[in-house]
Amino acid sequence: MDGAAEWFSIGELARRSGLAVRTIRFYSDEGIVVPAGRSGAGYRLYDVGALVRLELVRTLRELGVDLPSVRRVLDRELPVAEVAAVHADAVEAQIRVLRLRRAVLRLVAERGSSPEEVRLMHEVTRLSARERRRLVDRLVEGAEESVAAMVRVAAPDLPEDPSAEQVAAWVELVGLMGDEGFGEAFRAGPGVEGPVDPRVERYWRLVWAVNGWEVVPGWVP
């Protein structure tokens with residue numbers, strides 16, 4: 001059988017792969033999909049192997065794999081499994097961010113929030129784990145060790161897929177933790193006969209809400 005009958009022009013390759021002609025031309029120029037020969041008029045022609053290679057490139061790119069990694073996979077310098085593991089972790093992180101954004105958007109829709117409130121919610125929900133620990137450390141700095149230990153054990157953390165209510169509680173909680181006046185009241189604790197400061201009680205209820213714990217009526221640590 002004439003091998004030339006199994007060759008494809010860029011246009012035919014585009015129809016078979018579902019990719020744009022300019023995309024295939026770019027991959028060809030970059031040496032990722034190499035032509036098998038030329039037509040009489042000098043146009044590039046590709047074989048079945050190029051089609052298979054192109055389909056793998058498309059799959060990896062749709063999964064978010066960067067072009068240098070794609071090239072290394074195709075050249076057998078990098079195992080597909082290793083690339084998949086790294087990008088699975090990246091996708092997982094992206095999913096968490098998207099879930100958080102969804103919860104913020106739901107809260108904004110429910111509250112009819114102002115642009116300033118939206119900005120605040122966005123900033124607060126993007127706090128890193130280190131920044132969250134820093135807030136807790138600042139809150140209990142100088143407090144009794146038993147109080148500090150309790151606060152650290154119960155340190156609030158948004159779940160992977162928070163509800164709008166949990167986001168609202170987290171935003172309010174961060175505001176409390178960053179208030180120096182509240183911090184002083186928190187560290188001082190209740191007097192021998194005095195009641196618990198209402199904002200301290202509010203703090204614990206917000207912690208329960210963020211962590212998804214059952215609220216115990218009338219009980220404050």
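The side chain to side chain donor-acceptor pair (under 3.5 Å) test applied to R16 returns no partner, not counting sequence neighbours. Every residue two or more places apart in sequence or in another chain that forms a salt bridge (Lys or Arg N to Asp or Glu O under 4.0 Å) with R152 is listed here: D137.
Minimum interatomic distance between R199 and G181 (heavy atoms only, all atoms of both residues): NH2-C, 3.6 Å. The heavy-atom pair separating A209 from Q166 by the smallest distance is O-CG, 3.3 Å. Considering all non-hydrogen atoms of both residues, G183 and L139 come closest at CA-CD1, 4.0 Å. For the residue pair L54 and Y27, the shortest heavy atom distance occurs at CD1-CD1, 3.6 Å. A pairwise comparison of heavy atoms in N211 and A154 identifies ND2-O, 3.3 Å as the closest pair. Heavy-atom minimum distance, R61 versus L67: NH1-N, 3.3 Å.
More than 12 heavy-atom neighbours from other residues, nucleotides or ligands sit within 6.0 angstrom of CD on E110.
Note on V167 and L105: separate hydrophobic clusters, where clusters join Ile, Leu, Val, Met, Phe, Trp and Tyr whose side-chain heavy atoms are under 4.5 Å apart, directly or indirectly. Both V48 and L74 are assigned to one and the same hydrophobic cluster, defined by single-linkage of ILVMFWY side chains at heavy-atom distances under 4.5 Å. Residues V34 and V52 do not share a hydrophobic cluster, defined by chaining ILVMFWY side chains whose heavy atoms lie under 4.5 Å apart.
For the pair R102 and D161, the salt-bridge criterion is met [side-chain N within less than 4.0 Å of a carboxylate O]. Salt bridge annotation for D75-R53: present, with a cationic side-chain nitrogen under 4.0 angstrom from a carboxylate oxygen.
Between the side chain of E12 and the main chain of S9, a donor-acceptor pair closer than 3.5 Å is present. Between the side chain of E201 and the backbone N or O of P198 there is no donor-acceptor pair closer than 3.5 Å. Checked by atom type and distance alone, the side chain of S17 pairs as donor or acceptor with a backbone atom of L13 at under 3.5 Å. Between the side chain of T59 and the main chain of E55, a donor-acceptor pair closer than 3.5 Å is present.
Note that the CG atom of L176 and the CG atom of L135 stand 11.5 Å from one another [nearest 0.5 Å]. Distance CZ/R58 to CD1/I24: 10.0 Å, rounded to 0.5 Å. One finds the CZ atom of R132 at 4.0 Å from the CG atom of D157 (value rounded to the nearest 0.5 Å). Of the inter-residue distances, the one linking E165 atom CD with R106 atom CZ reads 10.0 Å to the nearest 0.5 angstrom. To the nearest 0.5 Å, atom CD1 of residue I10 and atom OG of residue S28 are 6.0 Å apart. For the atom pair CZ of F26 and CD1 of I32, the computed distance is 6.0 Å after rounding to the nearest 0.5 Å.
Under the 4.5 Å side-chain criterion, counting only non-hydrogen atoms from C-beta, M177 is in contact with Y203. Contact check for W170 versus P156: side-chain heavy atoms found under the 4.5 Å cut-off. M150 places a side-chain heavy atom less than 4.5 Å from the side chain of W204.
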From CA spacing to verdict: side chain to side chain contact (heavy atoms under 4.5 Å, CB included), D197, F182: CA-CA 9 Å; D197 186 299; F182 168 74; 5.6 Å; no
Verdict with reasoning, R72 to D66, per salt bridge (charged side-chain N to carboxylate O under 4.0 Å, His left out): CA-CA 10 Å; R72 292 178 63 192; D66 58 90; over 6 Å; no
